[in-house]
Structures are given as C-alpha cells and as structure tokens.
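Following: one structure in structure tokens, then a few remarks.
Both counts, for ligands and for their atoms, begin at 1 and track the order of listing. Treat the numbers as computed from the prediction; the structure is a model and nothing was measured.
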Amino acid sequence: MRRERGLFVTFEGPEGAGKTTQVELLRQALAGRHPVVVREPGGTPLGEHIRELLLHSDMEIGGEAEALLFMAARAELVARLITPALVAGRVVIADRYHDSTLAYQGGARGVATGWPESFPRPDRTFLLDVPPEVGLERQRRAGRPVDRLESEGLDFHQAVMDAYRRLARAEPGRFVTIDATRPPKEIHRAVMTSLAACLPEEISRQQPRTG
Ligand code: Z5A
C-alpha cells in the first residue's frame, strides 16, 4: 500500500462520550493546518445514504450485513477523502473509524471482523472512556433523537465499551485512553499533550507565555 505522509487522528468511544466535542476542539486548535474532518458513517453521497439506512430506518438488518454496510461507507470515505488527504500530507481527524466496527459489530454483535488492507491505520486513536450509562444520559439530556444502535440495551453498550478497552490494550502504541468523565477542556489538553511530538508548533503556541 502507498505510504501516507499526513497525520491521521481518530476519536472513539460509546454514545455521548464527547467525541464530537473533542473533534471540534482539535479542529480549532489545528485550524492553521486546515485539517480534513470526517465523521462516520457518512461524508460521501453513498455514506450518507448508508447512514440513513443504518441509523434511521426500521428495516431489519442482520449483524454481518450491518458490519459490511458500515465498511462500505468507510471504503468510500477512505478512497475519496482520507487517503488522498493523507497522501497530500494533510491532518485528518475522524469522529469514529474502523475501531467502531470492531467494537460494535465485532465486540457487541459477535460478527467476525478484520482490518482491510486498504483502510489506513490511524497514527493515534483517542478512546474516550466513559461508563455507557453516563454517555446515554448525556445524550438524553441533550435531547438527541435515539437511533437504531443507541436503542439497544445497556448490556449491548457495556459490551461495546469492554471491546474498546480490549482493543486499546492490544495496541498501546496507537491508542490513548482518556477518562471522559473529566471536563471537555481537560480532555482536550490531554489530547494536545499526546500529540505534542507530531505537532510541535501548535503545542508550543498553547503553552502560557512567561516573561
Ligand atoms: N456505529 C457502529 O455501530 N459501527 C460503526 O462502524 C460506526 C458507527 C462507524 C453513529 O451515531 C452510530 O453508529 C453509533 C455507533 C454506530 N451508535 N449509536 N448510537 P452518531 O454518529 O449519530 O453518534 P455517536 O458517534 O454515537 O456520537 P454522539 O452520540 O454524537 O456522541 P459524542 O460525539 O461522543 O458526544 P458529543 O456530541 O460530543 O457530546 C454529547 C453530549 O455530552 C453533548 O451535550 C455535550 O455537550 C456533552 N459533553 C461532551 N463532552 C462532555 C464532557 N467531557 N463532560 C460532560 N458533558 C460532555
């Protein structure tokens, strides 16, 4: 596979963990680099159709078909946006990526899943670790409509969180797990500290100046 030159950062976690909040804070911090920001599923015409089908239709979809549909949306996003951006040396920030399929369809639904060769591996994956009931309560308070996956029981969401923790333990060089019950600004600081080696200019700009 072609070697990408950009920086690929992904955010993962259960519902209401604060991924979208952190993606936006990182996007603002890296505004000077014009990062490419994507969210899954979606981001392409096919991906948006698949999103509707998977999250907002009442059609019965088996676990394996569900996994393949998420991956079809991802294949399109990778081919059209992620790989071209990385090859061009851009920073790509993703709100969910293939680890979501490994945790939801693999861990919670028990579908056998692997990592397709054509999907670039993130340089860094932030796992926002929050008890599922806390995340679901945040969503409820925010008045978000409940989608097909979210309406699964607490056992399902606990299995997702457990699967994420196993994925993080298996790849400690890529995953950074952050306690997502902390305030958003503290989480953002932990994200920036972890990215310090890759983004020295942005990090030094965030340090308070003395003298
Ligand atoms: N899914 C899958 O099964 N397989 C796959 O391969 C993929 C996805 C890619 C996508 O839903 C669904 O698809 C999802 C997984 C499944 N399942 N469900 N349900 P989505 O894209 O619509 O939503 P989401 O990805 O689950 O994210 P979210 O629900 O929007 O939550 P979030 O991005 O993690 O959180 P947030 O929007 O930043 O914050 C939620 C609320 O909490 C909001 O009111 C914030 O102000 C508040 N918040 C944020 N951070 C904090 C902290 N630190 N403290 C307190 N409150 C906070």
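- In this structure Q158 satisfies the side chain to side chain donor-acceptor pair (under 3.5 Å) test together with D162, sequence neighbours excluded.
- A salt bridge links R140 with E137: the distance from a Lys NZ or Arg NE/NH1/NH2 to an Asp or Glu carboxylate oxygen falls below 4.0 Å.
- No hydrogens or angles considered: nothing links the side chains of T177 and D129 as a donor-acceptor pair under 3.5 Å.
- Alongside V130, the hydrophobic cluster contains V134 (criterion: ILVMFWY side chains under 4.5 Å).
- Pairs engaging residues 47-62 under the side chain to side chain donor-acceptor pair (under 3.5 Å) rule: R39-E48 [sequence neighbours left out].
- A donor-acceptor pair under 3.5 Å links the side-chain atoms of R124 to the main chain of S194, judged by distance alone.
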Nitrogen or oxygen contacts under 3.5 Å, ligand 1 side and protein side:
from, atom 1, to, atom 2, distance (Å)
ligand 1, 3 (O), Q105, NE2, 2.9
ligand 1, 4 (N), Q105, OE1, 2.9
ligand 1, 6 (O), R74, NH2, 3.0
ligand 1, 6 (O), T101, N, 3.2
ligand 1, 6 (O), T101, OG1, 2.5
ligand 1, 17 (N), E15, OE2, 2.8
ligand 1, 18 (N), E15, OE2, 2.7
ligand 1, 19 (N), E15, OE2, 3.0
ligand 1, 19 (N), D147, OD1, 3.0
ligand 1, 19 (N), D147, OD2, 3.3
ligand 1, 19 (N), E150, N, 3.2
ligand 1, 21 (O), R51, NH2, 3.2
ligand 1, 22 (O), R51, NH2, 2.9
ligand 1, 25 (O), R96, NE, 2.6
ligand 1, 25 (O), R96, NH2, 3.3
ligand 1, 26 (O), E15, OE2, 3.2
ligand 1, 26 (O), R96, NH2, 3.0
ligand 1, 29 (O), Q139, NE2, 2.2
ligand 1, 30 (O), R144, NH1, 3.1
ligand 1, 31 (O), G16, N, 3.2
ligand 1, 33 (O), T20, N, 2.9
ligand 1, 33 (O), T20, OG1, 2.5
ligand 1, 34 (O), A17, N, 3.2
ligand 1, 34 (O), G18, N, 2.9
ligand 1, 34 (O), K19, N, 2.9
ligand 1, 34 (O), K19, NZ, 2.6
ligand 1, 35 (O), G18, N, 3.2
ligand 1, 37 (O), R144, NH1, 3.1
ligand 1, 37 (O), R144, NH2, 3.1
ligand 1, 38 (O), T20, N, 3.4
ligand 1, 38 (O), T21, N, 2.8
ligand 1, 38 (O), T21, OG1, 2.5
ligand 1, 53 (N), R182, O, 2.8
ligand 1, 54 (N), R138, NH2, 3.2
ligand 1, 56 (N), R138, NE, 3.4

